[in-house]
Participant: 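Here it is: the structure, laid out below.
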Amino acid sequence: MTTPPVLVHSREELSHLLAPARAAGRRVGLVPTMGALHEGHASLMALARKHVDDGPVVVSVFVNPLQFGAGEDLDRYPRTLAADLEVCAAEGVDVVFAPSVDEVYPGGDPQVTVEPGPLATELEGRTRPGHFRGVLTVVAKLFGLVRPDVAVFGEKDYQQLVLIRRMVADLCQGVEVVGAETRREDDGLALSSRNRYLEAEQRHEATVLSRALRAAREEARYGAAAALDAARAELRTAGEVDLDYLELRTPDLEQLPADVPPGTEARILVAARLGATRLIDNLPLVLSAPTTEVSQ
Ligand code: PAF
């Protein structure tokens with residue numbers, strides 16, 4: 001039998017609920033989500049549990065309007081709170097914080113937001129201007145409301161993870177940020193709440209993204225150019241995939257220098273549209289030869 005988490009909607013309830021744990025010096029863990037929870041989120045909760053021991057694990061479920069651009073999927077983003085509570089119960093989550101938009105932004109859109117810096121205009125930021133300002137602003141607010149010792153984010157949204165780490169460091173927020181490896185379907189597709197938008201044929205084609213990244217990782221021993229070529233060749237095998245970017249960067253998402261020593265760690269990132277659905281994925285890899293080419 002699993003004990004269901006306590007569901008709270010207001011800041012007051014949340015603060016009241018966490019006060020005893022805080023007073024007892026227990027660590028508080030936070031897994032910020034937008035709901036539509038799947039196994040990937042469950043693995044974040046399990047990791048949060050490991051980091052707080054018997055302290056409370058809080059999962060926030062909030063579809064944050066501030067991070068959606070015009071024409072994005074804010075209205076159709078899946079809202080599945082009843083099912084989400086079951087996922088949280090199975091992972092032994094203590095508290096689910098599911099605030100309304102007014103609870104998070106009582107005065108409407110905030111006048112003060114978190115400026116995410118230059119990385120936010122690259123990769124995802126090129127097609128989603130303002131997205132990371134919305135993400136960092138809500139994450140900063142959640143940190144203020146929950147006051148977690150540790151917060152867990154998936155590596156699937158790798159640029160988001162890098163920017164959150166940067167925010168925590170630059171603004172001295174004192175939260176330990178833990179990244180969790182991407183969970184995948186058996187055929188390699190990275191788990192994502194947006195996968196449910198895919199029609200059967202698109203779902204089939206979507207596996208090309210992880211295949212391309214794996215091909216790049218295989219060829220990385222011959223250098224960056226070989227890795228990117230292998231990924232591109234794989235991407236060309238899919239019909240309906242509209243490539244947005246394929247890039248090789250440092251683990252901090254800086255540009256790779258032209259010459260890197262063998263054994264340099266890197267990250268390959270891809271984004272593509274399948275019909276109306278935009279998917280992203282990434283993998284770490286190790287370059288074993290000098291690099292001369294770093295993007296598509
Ligand atoms: O990754 C997400 O689900 C969201 O961007 C986050 C971190 C919960 C902020 O709304």
Side-chain angles (χ1 to χ4, degrees), residues 9 14 29-45 47-48 57-69 72-81 83-84 87-88 91 93 95-105 109-110 113-116 119-120 123-125 127-146 148 150-168 171 173 175-183 190-197 253 269 271 277-282:
H9 300 286
L14 178 70
L30 171 65
V31 181
T33 81
M34 297 207 299
L37 303 180
H38 48 65
E39 261 180 61
H41 295 109
S43 71
L44 308 187
M45 297 169 203
L47 201 52
V57 171
V58 180
V59 170
S60 60
V61 174
F62 179 62
V63 182
N64 173 35
L66 215 63
Q67 69 188 74
F68 287 78
E72 289 189 351
D73 55 348
L74 174 61
D75 292 336
R76 73 170 181 144
Y77 199 86
R79 284 146 171 101
T80 58
L81 188 57
D84 293 346
V87 176
C88 292
E91 291 304 323
V93 166
V95 180
V96 171
F97 177 47
S100 65
V101 173
D102 283 348
E103 189 69 21
V104 176
Y105 301 115
D109 278 0
T113 57
V114 179
E115 166 56 49
L119 175 58
L123 299 162
E124 284 302 283
T127 46
R128 307 189 70 190
H131 170 66
F132 289 115
R133 173 175 292 114
V135 170
L136 294 195
T137 300
V138 81
V139 171
K141 287 191 80 127
L142 290 167
F143 285 176
L145 292 169
V146 178
V150 57
V152 183
F153 297 86
E155 286 188 351
K156 190 353 218 63
D157 294 298
Y158 191 74
Q159 189 176 4
Q160 165 175 290
L161 175 62
V162 169
L163 283 166
I164 289 169
R165 285 193 201 284
R166 189 71 203 233
M167 169 178 77
V168 168
L171 302 184
Q173 288 174 316
V175 177
E176 183 189 349
V177 175
V178 174
E181 207 179 304
T182 303
R183 295 293 296 268
L191 297 189
S192 163
S193 304
R194 290 190 166 101
N195 290 351
R196 64 185 79 192
Y197 299 152
L253 296 185
L269 304 103
T277 307
R278 192 161 176 285
L279 297 180
I280 57 175
D281 200 353
N282 68 86

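Quantities reported herein were computed from a predicted structural model and do not represent experimental measurements. Side chains are part of it too, since the values below use all heavy atoms of this structure and drop only hydrogens, waters and symmetry mates. Both ligands and their constituent atoms are indexed starting at 1 by order of listing. The chain is numbered in sequence order, starting from 1.
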Participant: Closer than 4.0 Å to some heavy atom of T33 - which atoms of ligand 1 meet that?
Facilitator: 8 (C)
Participant: Please indicate whether any nitrogen or oxygen in Q160 is less than 3.5 Å from any nitrogen or oxygen in ligand 1.
Facilitator: yes
Participant: Which ligand 1 atoms does V138 reach within 4.0 Å, using its non-hydrogen atoms?
Facilitator: 9 (C), 10 (O)
Participant: Does atom CD (E39) have a neighbourhood of more than 12 heavy atoms from anything else shown, all under 6.0 Å?
Facilitator: no
Participant: Within a distance under 4.0 Å of any heavy atom of P32, pick out the atoms of ligand 1 and give their elements.
Facilitator: 8 (C)
Participant: Compare M34, Q67, H41 and give the one whose heavy atom is closest to atom 10 (O) of ligand 1.
Facilitator: Q67
Participant: For K141 and V104, indicate whether the former's side chain and the latter's backbone hold a donor-acceptor pair under 3.5 Å.
Facilitator: yes
Participant: Would you indicate whether the side-chain heavy atoms of L37 and M45 approach each other to under 4.5 Å?
Facilitator: yes
Participant: Establish, from distance only, whether the side-chain atoms of N64 and Y77 form a donor-acceptor pair under 3.5 Å.
Facilitator: no
Participant: Using the side chain to side chain donor-acceptor pair (under 3.5 Å) criterion, which residues pair with D157? Sequence neighbours excluded.
Facilitator: none
